[in-house]
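Chain letters run A, B, ... following the sequence lines, proteins first and then strands; every chain starts at 1.
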Protein chains: 2
Amino acid sequence: MLSIGDALVVHLACVGELSTEDKAAIRSIKGEVRTYPKQRDVMRVGDKPDESMIVLKGHVCRYTIGHDGARQVQSFHMPTETPCLETLHIDYMDMNLATVTEATIGAIKHTELQRVLTERPNVLSVVWRETLVQGSITREWLVRNSTLPAHAAMAHLFCEIYTRAQAVGLTRDMTCDFPVSQEMLADSLGITAVHVNRTLQVLREANLVQFKGGLLWVKDFERLQALADFDPLYLHLHC
Amino acid sequence: MLSIGDALVVHLACVGELSTEDKAAIRSIKGEVRTYPKQRDVMRVGDKPDESMIVLKGHVCRYTIGHDGARQVQSFHMPTETPCLETLHIDYMDMNLATVTEATIGAIKHTELQRVLTERPNVLSVVWRETLVQGSITREWLVRNSTLPAHAAMAHLFCEIYTRAQAVGLTRDMTCDFPVSQEMLADSLGITAVHVNRTLQVLREANLVQFKGGLLWVKDFERLQALADFDPLYLHLHC
DNA sequence: CGAGTCATTGAAATTACTCAACCCTAGTGG
DNA sequence: CCACTAGGGTTGAGTAATTTCAATGACTCG
């Protein structure tokens with residue numbers, strides 16, 4: 001498992017150009033490492049956090065609960081990703097952050113982060129850019145859930161997860177971890193769990209993708225991508 | 001009509017705290033004022049802009065077109081708002097920016113903006129925060145289009161537009177400009193124009209809201225808000 | 001006046017949801 | 001070692017929301 005500093009370097013290197021000095025400065029960032037059980041809230045709506053998080057092990061997600069109890073998952077985050085950098089400048093949380101599986105998370109005080117950002121303007125640019133790429137991904141989720149029918153939306157999400165995992169070396173043999181239940185998948189795509197189940201069967205029978213036991217197995221990326229109308233441009237990957 | 005500097009001050013004051021010196025520095029920002037006819041693209045997917053925009057008059061929107069020709073409107077922007085500040089750190093446009101009505105737009109060179117951001121760290125914080133609030137709004141659009149049925153989603157969008165207009169003094173007598181066609185409304189909510197038409201009738205007959213001729217008339221904000229499960233927290237309004 | 005755009009309506013088809021039951025598997029405690 | 005349980009996962013049938021298609025109406029602009 002990576003340290004907070006190393007994980008940050010890996011992640012930010014996917015987002016923008018870092019000099020050797022930048023990387024050294026980022027590695028100097030200290031934080032507290034915590035382990036949470038699965039399905040545990042880490043931050044809640046209304047919180048005023050004084051630290052940002054980085055996933056070191058396991059998976060986390062962000063979500064909101066509607067008035068009627070409906071949950072909308074707004075993002076998934078795998079190791080090295082930073083689910084709440086935006087708290088640097090947004091005072092109140094407007095969503096919840098929770099673990100999906102048991103997860104080890106690094107908590108970095110804003111003051112500690114700011115120290116490096118003021119010292120190194122380029123790191124500030126890259127961290128800012130990171131928050132903007134998050135926004136770009138959210139926009140794509142909006143497009144996905146608003147315009148695509150269920151099977152295409154699901155294919156699109158699978159393409160994204162696989163591509164992001166690949167960017168940080170978390171794939172092997174066309175598979176990657178995606179340890180979410182069908183219900184959580186439903187809450188991210190804005191459809192019901194029953195419909196997810198049936199849609200998964202369609203994708204499986206078309207021999208495009210297999211999703212079982214928290215493992216995503218992409219059997220035909222090309223056709224999955226075509227079905228999903230997936231273009232990774234919006235991920236703004238630098239690596 | 002406001003100047004670029006004055007409009008920026010009005011907008012950024014909604015986002016965060018600005019000192020007198022900050023405001024003076026922002027007012028010193030120069031840009032080019034351009035007028036576009038309605039329904040005209042201002043930026044396109046793949047562009048590498050070297051300037052950011054601020055709406056001075058009229059309305060603009062951001063949108064993407066899917067493989068099958070489906071358009072997803074991702075945001076609307078009224079006067080004083082800044083639809084593409086994120087281009088400061090995101091090199092390639094991943095969506096289009098277009099006018100809705102005839103519009104007058106201020107174009108600010110990134111170099112000019114950076115000049116003030118490096119001089120005044122607090123302005124940088126507020127501008128960064130602005131881009132994060134955009135992200136927060138996008139997340140709410142995701143929730144809206146993913147979890148709410150058509151009439152609630154539409155009510156929610158109306159609440160948001162009215163609230164944002166109110167924040168910058170663009171409402172009078174429970175009305176505000178919202179000069180979009182039913183088709184564009186459909187493309188923002190992710191439903192068909194036909195369904196928009198019928199849903200509008202429902203809201204109108206319930207005496208909640210009237211939407212005609214580009215004017216939004218909120219007849220009962222309380223009930224509209226209740227129907228939409230609208231909580232303005234996500235707008236992170238500072239004023 | 002005519003062309004074009006936007007709004008409205010109706011009916012049929014499709015997609016997705018609801019509800020309720022059943023299955024499967026991993027983990028638990030006796 | 002086995003029965004029990006709980007949390008997914010799967011299935012079927014009926015229902016509701018939304019789309020599609022096609023036609024008509026209203027309004028604006030040149």
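- In this structure, NZ of A/Lys212 is placed 11 Å from P of C/dC24, rounded to the nearest angstrom.
- Taking atom CE on A/Met184 and atom P on D/dG7, their separation rounds to 15 Å, with Å as the unit.
- Computed from coordinates, the A/Met154 CE to C/dT15 P distance equals 15 Å when rounded to whole Å.
- Between the NE2 atom of B/His151 and the P atom of D/dA16 there is a distance of 14 Å, rounded to whole Å.
- Put simply, CG on B/Leu216 and CE on B/Met174 are 9.5 Å apart, with the number rounded to the nearest 0.5 Å.
- Counting heavy atoms of neighbouring residues, nucleotides and ligands inside a 6.0 Å radius, atom CZ of B/Arg40 does not exceed 12 of them.
- Atom C1' of nucleotide D/dT11 and atom CG of A/Leu200 are separated by 15 Å, given to the nearest angstrom.
- Here CD1 of B/Ile65 is found 7.0 Å from CG of B/Asn96. Values are rounded to the nearest 0.5 Å.
- The aromatic rings of B/Tyr162 and B/Phe221 sit tilted relative to each other, their planes meeting at an angle between 30° and 60°.
- Contact record, B/His156 with B/Glu140: NE2-OE2, 3.2 Å, taken as the closest heavy-atom pair.
- The side chain of A/Ile191 lies closest to C/dC17 when the candidates are C/dC17, C/dA7, D/dG8.
- If you check every strand for non-hydrogen atoms under 4.0 Å, B/Ala193 touches nothing.
- Across all strands, B/Gly190 comes closer than 4.0 Å only to sugar-phosphate atoms, never to a base (heavy-atom distances).
- With A/Phe158 as the fixed residue, the ring pair (Phe, Tyr, Trp, His ring centres under 6.0 Å) test singles out one of A/Phe211, A/Phe230, A/Trp217, A/Phe76: A/Phe211.
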Just the table, please: protein N/O against nucleotides 20-30 of chain D N/O, every pair under 3.5 Å.
| unit_1 | atom_1 | unit_2 | atom_2 | d |
| --- | --- | --- | --- | --- |
| D/dT20 | O4 | B/Arg198 | NH2 | 3.3 |

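- Here C/dC23 presents its P atom at 18 Å from CD of A/Gln182, a figure rounded to the nearest Å.
- The interatomic distance linking A/Leu189 (CG) with C/dT15 (P) rounds to 17 Å, in whole Å.
- Inspection of the A/Ser75 and A/Gln134 side chains reveals no N or O donor paired with an N or O acceptor under 3.5 Å.
- Rounded to an integer number of Å, the gap from B/Glu183 CD to C/dC6 P is 7 Å.
- Distances shown here put every side-chain N or O of B/Gln201 at or beyond 4.0 Å from the OP1 or OP2 atom of C/dT8.
- Remark: B/Asn197 is in phosphate contact with C/dT8, judged by side-chain N or O atoms under 4.0 Å from OP1 or OP2.
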